[in-house]
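Notes follow the structure.
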Amino acid sequence: GQNIDQPTEMTATEGAIVQINCTYQTSGFNGLFWYQQHAGEAPTFLSYNVLDGLEEKGRFSSFLSRSKGYSYLLLKELQMKDSASYLCAAMDTGRRALTFGSGTRLQVQP
Amino acid sequence: DGGITQSPKYLFRKEGQNVTLSCEQNLNHDAMYWYRQDPGQGLRLIYYSQIVNDFQKGDIAEGYSVSREKKESFPLTVTSAQKNPTAFYLCATTTEQRNVLTFGAGSRLTVL
């Protein structure tokens, strides 16, 4: 099985940097995913890490340490539109399905 | 244009009634999934299908049923056995070559 933990809520200021952490325990690991979900909408894909290290994509970066079961999503130059929930998810090699954490609700303030 | 279509977007049901949520995709993806999301929570896996005519239970399959008779379609039936069906239901697809899940817009079910 899989167990994924991430903070419930975070608050940050427009223009700042915020890091959202995620820890996972899995019986078979095949990648760590981050999704963004605005209220009332479906999740949209942000990033995917399968190897250790940092993946950068514009204002968003994601880091993975497989030995520590740890990932983070880094958001730079925060904008008001970044206010959303951020979902951490791990792929199970056995059933090829994502297991999601409960999500981190990020509020960006002026 | 390619995508995943879920219908209806909103659905109201009386207790004791079965309802079926539709999920259709024209992406030619092999794998399809159904997730449930409750307010302020993450997604939980109900059922998934890696290939036509085959499907597997997820973590919360009790009270739900599915079929996969065509590659394009993966309908979910919420039966009267599901004790607390009010939730946001999301269908997703992926390919074996790329593990990234693509989601439909979702169906919001409310039991009156």
Side-chain angles (χ1 to χ4, degrees), chain A residues 1-10 20 22-24 26-51 55 57 60 62 64 73 84-107, chain B residues 3-7 9-10 21 23 25 27 29-51 54-61 66 68 74 86-110:
Chain A
Q2 312 243 13
N3 187 40
I4 299 175
D5 290 310
Q6 53 182 128
T8 303
E9 291 187 3
M10 298 183 71
I20 303 174
C22 171
T23 58
Y24 65 90
T26 176
S27 56
F29 178 78
N30 193 27
L32 195 291
F33 296 75
W34 285 95
Y35 281 80
Q36 180 190 60
Q37 186 179 27
H38 285 100
E41 299 181 6
T44 56
F45 170 73
L46 288 178
S47 69
Y48 167 49
N49 295 69
V50 65
L51 300 176
E55 294 278 344
K57 195 186 295 184
F60 291 35
S62 57
L64 175 67
L73 180 69
S85 288
Y86 291 86
L87 306 175
C88 175
M91 173 65 76
D92 185 326
T93 52
R95 61 182 185 178
R96 284 198 67 245
L98 284 183
T99 298
F100 285 83
S102 297
T104 299
R105 188 161 62 243
L106 173 66
Q107 184 173 356
Chain B
I4 304 168
T5 302
Q6 288 189 242
S7 62
K9 190 170 183 178
Y10 298 97
L21 307 180
C23 178
Q25 57 110 350
L27 300 168
H29 287 177
D30 291 310
M32 298 187 74
Y33 307 81
W34 275 105
Y35 285 89
R36 167 184 171 140
Q37 187 175 35
D38 293 283
Q41 298 193 25
L43 281 63
R44 291 184 290 168
L45 183 65
I46 305 172
Y47 268 99
Y48 61 104
S49 168
Q50 303 289 354
I51 196 169
D54 187 47
F55 51 82
Q56 306 295 329
K57 291 182 179 180
D59 300 316
I60 55 166
V66 293
R68 186 84 188 276
F74 192 40
T86 295
F88 187 42
Y89 290 88
L90 288 155
C91 177
T93 72
T94 190
T95 63
E96 190 166 343
Q97 293 77 21
R98 190 167 183 259
N99 286 328
V100 175
L101 260 63
T102 302
F103 287 89
S107 293
R108 194 168 299 277
L109 172 63
T110 302

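We name chains A, B, ... by the order of the sequence lines, and we start the count at 1 in each one.
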Legend entry - Q6(A) portion near chain B, given a 4.5 angstrom heavy-atom threshold: neither
Legend entry - Interchain contact, Q37(B) with chain A, by part (heavy-atom threshold 4.5 Å): side chain
Inset, instruction - Side chain from CB out, backbone as N, CA, C, O: work out which of these in Q41(B) comes under 4.5 Å of a heavy atom of chain A, or both, or neither. - result: backbone
Legend entry - Least distance between heavy atoms, Y33(B) atom then R96(A) atom: OH-O, 2.5 Å
Inset, instruction - I would like to know whether L98(A) and Y35(B) meet side-chain contact (heavy atoms from CB on, under 4.5 Å); could you show each step before the answer? - result: CA-CA 10 Å; L98(A) 284 183; Y35(B) 285 89; 3.5 Å; yes
Legend entry - Option that, when pairs with chain A are counted at under 4.5 Å, heavy atom only, ranks first among Q50(B), R108(B), R44(B), Q56(B): Q50(B)
Legend entry - For the student: nearest non-hydrogen atoms of G104(B) and A42(A), plus distance: O-CB, 3.0 Å
Inset, instruction - Tell me the residues of residues 99-107 of chain A whose non-hydrogen atoms fall below 4.5 Å from those of chain B, in number order. - result: F100(A), G101(A), S102(A)
Legend entry - Side chain, backbone, both or neither of L101(B) within contact of chain A (heavy atoms, under 4.5 Å): both
Legend entry - Toward chain A, the part of L43(B) with a non-hydrogen atom under 4.5 Å: both
Inset, instruction - Just give me the residue among G31(A), A97(A), P43(A) that pairs up with chain B most often, heavy atom to heavy atom, under 4.5 Å. - result: P43(A)
Legend entry - Candidate pair F103(B) and F45(A), rule ring pair (Phe, Tyr, Trp, His ring centres under 6.0 Å), full reasoning: CA-CA 9 Å; F103(B) 287 89; F45(A) 170 73; over 10 Å; no
Inset, instruction - With the side chain counted from C-beta on, respond yes when N99(B) and F33(A) share a heavy-atom pair under 4.5 Å apart, and no when they do not. - result: yes
